[in-house]
Amino acid sequence: MTALKSVTSKKLYMGRLKHGADLLEEITGACRKENIKLGRVEAIGAVKRARLGYYDQKTREYKFFTIDRPAEITSLIGNVSIKDGEPMVHAHVTLADDDGKAYGGHLAPETEVFACEIIIEALEGPAFNRQFDKETGLPLWDM
Amino acid sequence: MTALKSVTSKKLYMGRLKHGADLLEEITGACRKENIKLGRVEAIGAVKRARLGYYDQKTREYKFFTIDRPAEITSLIGNVSIKDGEPMVHAHVTLADDDGKAYGGHLAPETEVFACEIIIEALEGPAFNRQFDKETGLPLWDM
Amino acid sequence: MTALKSVTSKKLYMGRLKHGADLLEEITGACRKENIKLGRVEAIGAVKRARLGYYDQKTREYKFFTIDRPAEITSLIGNVSIKDGEPMVHAHVTLADDDGKAYGGHLAPETEVFACEIIIEALEGPAFNRQFDKETGLPLWDM
């Protein structure tokens with residue numbers, strides 16, 4: 001079922017990520033440091049290389065692939081919620097090559113930051129806990 | 001003319017859309033249910049198939065095309081305003097294939113949700129009504 | 001170092017950009033007119049043509065390229081901060097062709113608006129000044 005819950009804006013953070021950092025780990029680390037358990041994330045920037053996931057809806061497994069070259073991040077959109085008691089960042093990115101060609105997917109660890117400007121909005125609301133969802137095989141919000 | 005109006009944040013909704021739902025209809029339905037007449041929308045997730053539009057600026061007609069395979073939604077960005085007295089969701093999406101290749105366009109009905117995590121921000125402000133715009137042939141805000 | 005600063009939402013603007021305007025200049029002009037020195041930007045729409053940049057991480061120079069045909073803007077995400085004492089808009093875009101193929105990059109001047117619906121959120125916070133960053137060769141926030 002479609003389930004929307006009312007949440008409220010608590011705090012906004014803006015800044016830049018460390019050159020050479022792991023993009024997903026760095027955002028997750030910032031959320032842990034600031035104690036953000038619910039939120040939204042947006043960013044633009046560039047990566048030295050990327051590792052992205054595509055969820056195979058039939059086999060119900062992520063297929064990961066590495067793009068081993070620099071690229072622009074034309075969009076990073078994500079959210080923060082709780083999985084196994086810890087803040088988890090779920091983000092999708094669109095990247096662009098030197099000729100503008102775009103590719104994208106589910107942001108996985110081992111994506112290396114070249115430069116990244118980020119806004120994180122901490123939210124307050126009911127618990128958003130990820131649990132195994134039978135219908136999709138994904139860790140979705142148990143609403 | 002470029003015309004910006006001051007609006008204020010009224011309420012935030014966060015949640016997930018129903019597996020198998022029509023992506024555009026489901027967001028529109030949520031806005032109607034929550035009585036959202038003005039707003040912004042963002043989402044990530046995956047679709048089972050997609051139907052997208054490209055507006056031909058010369059013929060002034062949308063050309064629609066179907067992508068009949070699963071894809072990640074790397075970004076969905078949109079807004080809510082009024083057309084013909086009813087809330088209308090205008091959203092654009094970027095999708096990614098199993099090899100990361102990205103494509104996108106104007107979100108049309110018949111795009112089927114696999115999983116989708118969405119944030120809708122209800123806004124308050126002056127009326128944003130879509131009217132036929134002579135210059136573009138599009139239903140744009142009459143400002 | 002990863003450095004995030006707390007900022008607060010000051011004011012929201014929503015509207016549409018002038019047909020035929022230079023996309024980047026028009027957003028920058030709106031920020032100057034409204035005296036926005038810090039902010040976030042999001043937009044969807046279409047362009048008549050685009051000029052995008054890709055930052056070559058080795059030579060440390062932007063490579064610009066022109067896409068001389070109409071395209072949908074599937075996402076524009078950006079921020080506003082100060083460079084050389086003036087508001088500067090840094091935005092990345094993802095575009096889509098008539099067959100849905102996506103491309104993108106750093107938004108450069110000479111991208112011409114066909115239609116564009118934009119939300120600008122003015123923020124308040126500490127100074128975000130762009131200074132030359134030795135590590136990347138880019139004008140990044142001096143935090």
Side-chain angles (χ1 to χ4, degrees), chain B residues 1-10 38-42 50-58 62-67 74-81 90-96 101-107 121 123-126 128 130 133-143, chain C residues 8-23 25-31 33-34 36 40-49 69-78 92-104 112-122:
Chain B
M1 290 285 296
T2 287
L4 294 180
K5 291 185 179 176
S6 180
V7 296
T8 56
S9 184
K10 189 182 170 189
L38 189 66
R40 49 176 297 278
V41 180
E42 71 183 42
R51 189 162 154 267
L52 305 178
Y54 168 87
Y55 188 70
D56 187 315
Q57 299 175 12
K58 280 195 185 161
Y62 271 103
K63 173 190 163 188
F64 292 99
F65 49 97
T66 298
I67 291 156
T74 60
S75 77
L76 179 155
I77 297 179
N79 56 57
V80 189
S81 61
H90 179 210
H92 282 196
V93 292
T94 311
L95 305 174
K101 197 185 139 205
Y103 40 100
H106 175 92
L107 178 63
E121 183 167 10
L123 302 170
E124 246 171 351
F128 277 73
R130 292 190 181 276
D133 174 67
K134 281 186 195 175
E135 211 157 26
T136 60
L138 288 167
L140 300 183
W141 296 323
D142 178 30
M143 309 186 71
Chain C
T8 55
S9 183
K10 191 181 169 189
K11 209 168 173 181
L12 270 169
Y13 300 88
M14 185 170 176
R16 64 180 174 99
L17 302 183
K18 187 179 161 180
H19 179 79
D22 181 300
L23 179 54
E25 300 295 341
E26 200 70 8
I27 302 173
T28 305
C31 291
K33 190 185 163 200
E34 303 291 346
I36 300 170
R40 50 176 295 279
V41 180
E42 71 184 42
I44 56 173
V47 295
K48 295 185 184 188
R49 65 188 59 81
R69 56 185 183 278
E72 299 290 312
I73 304 169
T74 60
S75 78
L76 178 154
I77 297 180
H92 282 196
V93 291
T94 311
L95 305 175
D97 259 344
D98 61 351
D99 61 354
K101 200 184 138 206
Y103 41 99
E112 191 179 350
V113 173
F114 179 75
C116 186
E117 298 176 353
I118 191 167
I119 295 175
I120 303 176
E121 183 166 9

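Order of the sequence lines fixes the chain letters, A, B, ..., with proteins taken first and strands second; residue numbering starts at 1 for each chain.
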Tell me, for [X] versus chain C, whether the close heavy atoms (under 4.5 Å) come from the side chain, the backbone, both or neither.
X: B/Lys63; result: side chain
X: B/Leu123; result: side chain
X: B/Leu38; result: side chain
X: B/Ile77; result: both
X: B/Ser9; result: both
X: B/Phe65; result: side chain
X: B/Val93; result: backbone
X: B/Ala91; result: backbone

Stepwise side-chain contact (heavy atoms from CB on, under 4.5 Å) test for B/Leu4 and C/Lys33: CA-CA 11 Å; B/Leu4 294 180; C/Lys33 190 185 163 200; over 6 Å; no

If you draw a 6.0 Å radius around NZ in B/Lys5, do more than 12 non-hydrogen atoms from other residues or ligands fall strictly inside?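 Enclosed.
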
Answer with side chain, backbone, both or neither: which region of [X] has an atom nearer than 4.5 Å to a non-hydrogen atom of chain B?
X: C/Ile119; result: side chain
X: C/Ala122; result: neither
X: C/Ala115; result: side chain

Compare every heavy atom of [Y] with every heavy atom of [X], then report the nearest pair and how far apart it is.
X: C/Leu12; Y: B/Thr8; answer: CD1-C, 4.3 Å
X: B/Thr2; Y: C/Lys18; answer: OG1-N, 2.8 Å
X: B/Gly104; Y: C/Ala96; answer: O-CB, 3.2 Å
X: C/Pro70; Y: B/Tyr54; answer: O-OH, 3.2 Å
X: B/Gln57; Y: C/Ala46; answer: NE2-CB, 3.8 Å
X: C/Met14; Y: B/Gly39; answer: CE-O, 3.8 Å

Nearest 0.5 Å, please: how far is OH in B/Tyr103 from CG in C/Asp99?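 Here the interatomic distance stands at 12.0 Å.
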
Quick one: pull up CG in B/Asn79 and CD1 in C/Ile44 and give me the separation to the nearest 0.5 Å.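 Taking CG in B/Asn79 and CD1 in C/Ile44, the distance rounds to 5.0 Å.
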
Can C/Thr94 and B/Thr74 be said to form a side-chain contact (heavy atoms from CB on, under 4.5 Å), step by step? CA-CA 11 Å; C/Thr94 311; B/Thr74 60; over 6 Å; no

Take C/Phe114 and B/Thr136, measure what side-chain contact (heavy atoms from CB on, under 4.5 Å) needs, and give me the verdict at the end. CA-CA 7 Å; C/Phe114 179 75; B/Thr136 60; 3.7 Å; yes

Using a 4.5 angstrom heavy-atom cutoff, name the option from C/Ile73, C/Val113, C/Leu76, C/Ile118 with the most pairs to chain B.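 Counting heavy-atom pairs under 4.5 Å, the top option is C/Ile73.
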
Lys/Arg-Asp/Glu bridge criterion (N-O < 4.0 Å) met for C/Glu117, B/Arg130: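 Looking at C/Glu117 and B/Arg130, the cut-off is met.
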
Given side-chain contact (heavy atoms from CB on, under 4.5 Å), test B/Asp133 with C/Arg16 step by step and report yes or no. CA-CA 12 Å; B/Asp133 174 67; C/Arg16 64 180 174 99; 4.0 Å; yes

